[in-house]
Each structure stands twice: as C-alpha cells, then as structure tokens.
Amino acid sequence: MFTIESRDKESNARAGMLRTPHGDIPTPIFMPVGTGGTVKGILQRELTEDIDAKIILGNTYHLYLRPGTEILKAAGGLHSFMSWDRPLLTDSGGYQVFSLSGNRKLNREGAVFKSHIDGSKHVFTPENTIDIQRVIGADIIMAFDECTPWPCEHSYAKKSVELTHHWLDRAVTRFRETEPLWGKEQYLFPIVQGGVFDDLRKISAEKIASAGLEGNAIGGLSVGEPAEEMYRIIEIVNMILPGDKPRYLMGVGTPVNILEAIERGIDMFDCVMPTRNGRNGMLFTSEGTLNIRNRKWMDDFSPIDPEGPSAVSLFYSKAYLRHLVMAGENLGAQIASIHNLAFYLKLVDEARKKIQEGNFRKWKESMVKKLSERL
RNA sequence: GGGGAGAUACCAAAGCGGCCAACUGGGGCAGACUGUAAAUCUGCUGGCGAAUGCCUUCGUAGGUUCGAAUCCUGCUCUCCCCA
C-alpha cells in the first residue's frame, strides 16, 4: 500500500506514495476535512480542479446520524453518494468522544452518545463503528478510540489508553471477519494515544505497531498542549511505529505544526483549520498569516496571495474578500476556504519536492520563519 | 388653521428623580478557532488614565431639587391625525 520514494538525510522526513483503490496519494499529504459528506462550502469540482485534493475525510458519527446508514447503503457508499471518486478516509467518531464529552458516557463496551441534533441515545462500539465504516466505504477507516483531553492525569490517560487498546483488538477482529461492501479494499488504521506521557505513548506505540495494520495514526495531540510537547511525543512515537508504513497525525494543524511534524516523519495530516478559520476570516498566505476582517485590508487591492496557490488567490483582491467576509456573503467563506486549502496542499507538495531534492531542512527553516509572520 | 406625539451615544431603541457614562440590538474595532455540535464564539465601542478615578454627555436655554436623561418653563426641530 505504501512505498517510500526518498528520505531526507538531515531529518526523519520522507516522501512516499500511498496506493488506494480510488487513487494514489503522494505523501506528505494534507487531507481536507469533510465531516458530513462535504468540505464545507466547496464543490467537489473545486476540490479536484482548484485545490487538487488527493483525499478528503468524512466522519462516522456525523454520517451515521445524518443521513444514516440506510441511505448510505442505498446510495452504494459515500463515494457514490457524494459523487467523489478520489480516496476517502473516515474518522471513527473517536474525536466526538472528546469534543462531545458532555453528551457521552464511556464504558468497556463502548460509548453511549446523545445526538447533538436531537438528543437521542446511540451506542458506538469498536464493532459497530467498523460496520458503519464498511457501509460508508472509505478507502482508509479508523479504529474507535478515546481522544483524551488535555490536561489530564497520568492515571486517567493510562486507563484511557488501555481502553483504546482493548477496543483496537475488537475492531481488528471485526475488521478481519467482515468484507468491504462495495468491492474495493479498505485499510484500517489504529491510533496511538497516551496523552503527553512518554511511558504511555511508548506502550501505546508498541501496541499499535504490533497490530500489523497497513498504516498507523497518532491521536490525542493538538488538543491544547504546548506545541513543543506535541513534537516531543511525535518523536517518541515515531521511533517505535514502523518506518515503512504511513504515519497519520490526526487533527494537525497549523502550517508550522505540519512542517515540524513532516520533519519528524509524519506522512498524513488533516485539520479543520484551513476551512473553519477561513470561514472566520483567517488566511494563510505566502506573505504570512492575516485576518482579512482587519481594517487595513479595506483598500488593499493586491491579490489574496501573489504566489497564488489557487486561481482564486490571484483572481480576487484582499479588499474584495474583506468586503465579502464583512458583509457575511457566502462567497467570502468559499473563496477563503478554497485559498486556504490550496495553500495547505501546496505547502505539503513543496515539502515533498524539497525532500526529493534533498534540501528539505533548509527550506523548512525559512518557511517556518515566514509562516510565523502575523500580517 | 386645530389637535396630538416625540427629540438619548455611529444607527435603532430602553431608561422617566439618586443603583446612569446610560439596558439591548445593529454597525464598527480587535481576538480566538488544530481527527468540525462552529459561515461560530469572546472582548471592546464618549474623552484621558495602568488603575481607585477624573472630565464632558441624553435637541437647546433657563428653572425646581441635596441630587435631573428623568420634574417645570421658553425656544428650535421632527412626526402623526383632523380641516
């Protein structure tokens, strides 16, 4: 499934190719988040033509609640339902264990949820989240885990990671005893947990590695801990996770976070930041990060980004985009989202090229400096 | 011509003797956002000051009162109804 094409000599960065039934994915890669069967505000055509997203995410919890598995089954899976023929990855709902913590109860069996839509009661288990993800039919599916909060006590993190490991065994069993519904192979990725505790992360990484699946993920990071903590955990975990398999850092992050993680051997990323922050007026540009709502852009008629990661970045001016966002026009959110996603995709694509060319480290240092600029 | 209602901060609109530098919306200014309960949320929005605070405000000019955006009188303006 995964082949490494080149490795950076000065760091753990690598460039590879991830092969899935719906297409090949060059790594490092950033995956736009499309929780409810849509990357908010963006057409599938724009995802392929303007952004060239190689793979996008869906979410088991959201899709299970709406439209529900019956409709997804009748549609022939999510690819067909949403008219997307490139690769898909679905999160298991593990993150919702974290983000909807007020509406759920955990036990060894699984998690009892109250729907955020109507308050109705639902149960997620390692088994039924596999079943649902079989129906959805994503190329890569995730094991059900508990994304532990930060800060959290060692004792809580220990219990939590043990639960995640227990759930993993059951998920793998169900995965092995079931078949894809839509005739295309699916890959299951397990998730390393353990909070910010080195000993727990080591134990978890060993457990996850021993599952022998096609790729591995690191979860429970970028939940509020300082970035340096996150980088340290990545280093510890990546010393243990097999080097010949893809490593997916879940939910990360800022452009700088991504470059730092690539340097430490991560291959896959996803994050809502380019879309959500874009909708809220924050733009990532080659000149630095900016809040387009700020008064100073009112009469700045220069392009959104002169280096133009996408066509819209060059076609529209900062002043026009500011006007759209201030006026609450849909098009503002759309342009900002397209630009930001294209920026992220271009960033990881450049990282890949620099790794192949053998000058990743130097490029990364200069990029981190540039990206830290607040305009 | 006759009768009535009203003028509050950028806009709208509460307040009707002290708890008022003045509720609340909107607008504006800034901030947050990391496996999406988010096209959402938070703060500020008369001046000066880091701050207890001080200064200038509720159409306008006077007055009553210990004290007025609030009560009284004149003036200016706006709106409504009838002829």
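Below, chain A is the first sequence line, B the second, and so on; all start at residue 1.
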- Provide the full list of side chain to side chain donor-acceptor pair (under 3.5 Å) pairs with a residue in residues 272-285 of chain A, sequence neighbours left out, each pair given once. none
- Any salt bridge between A/Arg361 and A/Asp8, counting N to O under 4.0 Å? no
- Please report, rounded to the nearest Å, how far the P atom of B/G35 is from the CZ atom of A/Phe98. 9 Å
- Cation-aromatic face contact A/Arg264/A/Tyr231, 6.0 Å, 45 degrees: yes
- Query: Is the distance from OP1 or OP2 of B/C29 to the nearest side-chain N or O of A/Arg295 less than 4.0 Å?
  - Reply: yes
- Message: Under 4.0 Å from OP1 or OP2 of B/U36: is there any side-chain N or O of A/Asn59 that close?
- Response: yes
- Taking only side-chain nitrogens and oxygens of A/Arg374, does any of them come within less than 4.0 Å of OP1 or OP2 of B/A30? no
- Message: Quick check on contacts: within residues 108-129 of chain A, what sits under 4.0 Å from RNA chain B by heavy-atom distance?
- Response: A/His116
- Would you mind classifying the nucleic acid contact of A/Asp145 as base, sugar-phosphate or nothing, using non-hydrogen atoms under 4.0 angstrom? base
- Note on the structure: The ring-ring contact (aromatic ring centres under 6.0 Å, His included) partners of A/Tyr64 (sequence neighbours excluded) come to A/His122, A/Phe124
- Item | Pairs flagged by side chain to side chain donor-acceptor pair (under 3.5 Å) wherever residues 315-328 of chain A is involved - sequence neighbours left out | A/Glu287-A/Lys318, A/Ser302-A/Lys318
- For the pair A/Ile258 and A/Val348, evaluate side chain to side chain contact (heavy atoms under 4.5 Å, CB included) and give the outcome as yes or no after the intermediate values. CA-CA 8 Å; A/Ile258 287 172; A/Val348 293; 4.0 Å; yes
- Task: Measure distances between side-chain N and O atoms of A/Asn280 and base N and O atoms of B/A39, and say whether any donor-acceptor pair falls under 3.5 Å.
- Result: no
- Of the residues in residues 253-265 of chain A, which ones touch RNA chain B at a heavy-atom distance under 4.0 Å? A/Gly253, A/Thr254, A/Asn257
- Item | Pair assignment for B/G1, Watson-Crick or G-U wobble, requiring both distances under 3.5 Å | B/C82
- Tell whether A/Arg293 reaches the base of B/G28 with its side chain through a donor-acceptor pair below 3.5 angstrom. no
- Identified pairing partner of B/U70, criterion: Watson-Crick or G-U wobble below 3.5 Å: none
- In numerical order, the residues of residues 21-46 of chain A whose heavy atoms come under 4.0 Å of RNA chain B are A/Val33, A/Thr35, A/Lys40
- Item | Lys/Arg-Asp/Glu bridge criterion (N-O < 4.0 Å) met for A/Lys353, A/Asp349 | yes
- Message: Nearest heavy atom decides the nucleotide; on that basis, is A/Met326 or A/Asn277 closer to the 5' end of RNA chain B?
- Response: A/Met326
- Partner nucleotide, any strand, of B/A32 [Watson-Crick/G-U, under 3.5 Å]: B/U40
